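Below you'll find the structure, written out as structure tokens, and then a few comments.
As a basis for the values below, the full set of heavy atoms in this structure was taken, side chains included, without hydrogen atoms, waters or symmetry mates. In what follows, chains carry the letters A, B, and so on, assigned in the order in which the sequence lines appear, proteins first and then strands, with residues in each chain numbered from 1. Just so we're clear, the structure is a prediction, and the values are computed from it rather than from any experiment.
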Number of protein chains: 2
Amino acid sequence: MTEHSDPLGFTHHDHAHCRESALQAAEDTCAREGLSLTKQRRRVLELLLRKHKAMGAYELLDAMREDGQPAQPPTVYRALDFLVSNGFAHKIERLNAFVACAHPGERHKPAFLLCSDCGLVAEMRSQGIGEAVRAAAEELDFALERMVVEAEGLCPQCRGARA
Amino acid sequence: MTEHSDPLGFTHHDHAHCRESALQAAEDTCAREGLSLTKQRRRVLELLLRKHKAMGAYELLDAMREDGQPAQPPTVYRALDFLVSNGFAHKIERLNAFVACAHPGERHKPAFLLCSDCGLVAEMRSQGIGEAVRAAAEELDFALERMVVEAEGLCPQCRGARA
DNA sequence: CCGCCTATTGTTACGTTATAACATGCTCCG
DNA sequence: CGGAGCATGTTATAACGTAACAATAGGCGG
Ligand SMILES: [Zn+2]
Ligand SMILES: [Zn+2]
Ligand SMILES: [Zn+2]
Ligand SMILES: [Zn+2]
């Protein structure tokens, strides 16, 4: 098992389990840290967990309307703020969209692979990338606080299927 | 001279020269490749070159209005498309804003350091980061096409000045 | 010089993403 | 009960980005 393994997104896996354990991890973390995974926050997280794809805020709003409980933009943005600040979801800057965290509970500086064909998002646990960024920052005496790493291209599936 | 040196942005330097040589590089590249650095494109590039900061499209529009030649959003977005596709400027996804390329002419996958205090942007020539991303992608059989690397934190100046 | 072609710019209108500001409700605890 | 603090509802608007079509400019063959 290498450092980049299990990116959860491009590979086949038991997604029902994936979803459940992510929700459970969120519950646990909230319990442990005195946070509240309220109805709206949980709802948004569940929507994000349906697929390993990024969803825009308005796409989430559409989904919420469709399941009979419409909401307004501030509601979903507030839920997203909560989820992102507590590490249950991440924003994909390149897409102005959000994805459920694939490694909830773990402390991590995430790096993503975005398939430009099918839209799948894989969240890597790449020590190597984090290290490289940290090293570069250090060399320039820059106090690193956050990093955005988003690689775009074709996932193995789509790469194979290209004409 | 290390691989990360000369990030041009946090360090003191002859910025007038910096600006002139970037413009010159753009002229040269355009001449060589049969592109036209038209008035609007050049104008936007000059505005971006004023500082090593990212400017939003509407900030550019304001600046264009202020110097007496107002423009509409499509004008500035078209100029930005040209500059970005030809490597004279880059989009900073995290900020929804644009910055002049600090290494025009060179082929590069840029990585940025963004100071969250003063707003300066440094464009690194980090082979290391690019390599790490490439390696991670390869390991997952992902066909890398483009990468976004944006590190946020405090530049040396602001880091020193913190209370 | 003329007419034509292409690239660029102008103009209007609109779509998408995100937030400000304030009202309301909810829950815990004294 | 009553207030404090957090979460949510509601309205309006800001900020970012693009579609579609009209007008213009500049090169080139005739
Ligand atoms: Zn899954
Ligand atoms: Zn994560
Ligand atoms: Zn400079
Ligand atoms: Zn550059």
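Close placement of the B:H13 and B:H15 rings is indicated, their centers lying within 6.0 Å of each other.
Protein atom CG of B:L80 is 12 Å distant from nucleotide atom P of D:dC16, rounded to whole Å. Here the P atom of nucleotide C:dT17 and the CG atom of A:D81 are 16 Å apart, to the nearest Å. Separating the CG atom of B:L95 from the P atom of C:dA18 is a distance of 13 Å, rounded to the nearest angstrom. Between B:N96 atom CG and D:dA14 atom C1' the separation is 13 Å, expressed in whole Å. What separates CD of A:E93 from C1' of C:dA18 is a distance of 12 Å, to the nearest Å. The distance between atom OH of A:Y77 and atom P of D:dA14, rounded to the nearest whole Å, is 17 Å. A straight line from CG of B:D62 to C1' of D:dC16 spans 13 Å, rounded to a whole angstrom. One can place CE of B:M64 at 12 Å from C1' of C:dG10, the figure rounded to the nearest angstrom.
When distances run from any side-chain atom of B:Y58 to the nucleotides D:dC16, C:dT8, C:dA18, the shortest one goes to D:dC16. Nearest nucleotide to the side chain of B:Q40, out of D:dT8, C:dT9, C:dT17: C:dT9. In this structure, the nucleotide among D:dA7, D:dC16, D:dG9 sitting nearest to the side chain of A:T38 is D:dA7. Taking every side-chain heavy atom of B:R41 into account, C:dT9 is the closest of C:dT9, C:dA18, D:dT18. Taking only side-chain atoms of A:P74, from C-beta outward, the nucleotide of C:dG10, C:dA18, D:dT11 with the closest atom is D:dT11.
Residue A:T75 places at least one side-chain N or O under 4.0 Å from the OP1 or OP2 atom of D:dG9. Note on A:S36: every side-chain N or O is 4.0 Å or more away from OP1 and OP2 of D:dC6. An OP1 or OP2 oxygen of D:dG17 is reached within less than 4.0 angstrom by a side-chain nitrogen or oxygen of B:K91.
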A:L144 vs B:L113, side-chain contact (heavy atoms from CB on, under 4.5 Å): CA-CA, chis, key distance, verdict: CA-CA 9 Å; A:L144 181 63; B:L113 297 177; 5.5 Å; no
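No option in B:E150, B:E93, B:E145 other than B:E93 meets the salt bridge (Lys or Arg N to Asp or Glu O under 4.0 Å) test with A:R94.
Base engagement by A:R78 is indicated by at least one non-hydrogen atom pair under 4.0 Å involving a base atom. Residue contacts shown for B:Q72 include a base, since a base heavy atom lies under 4.0 Å away.
One hydrophobic cluster holds both A:V149 and A:M124 under the rule that ILVMFWY side chains link at heavy-atom gaps under 4.5 Å.
Residues B:P73 and B:L35 each lie close to DNA chain C; by heavy-atom proximity, the contact nearer the 5' end of the strand is made by B:L35.
Here the CZ-CG distance, from A:R42 to A:L23, works out to 5.0 Å after rounding to the nearest 0.5 Å.
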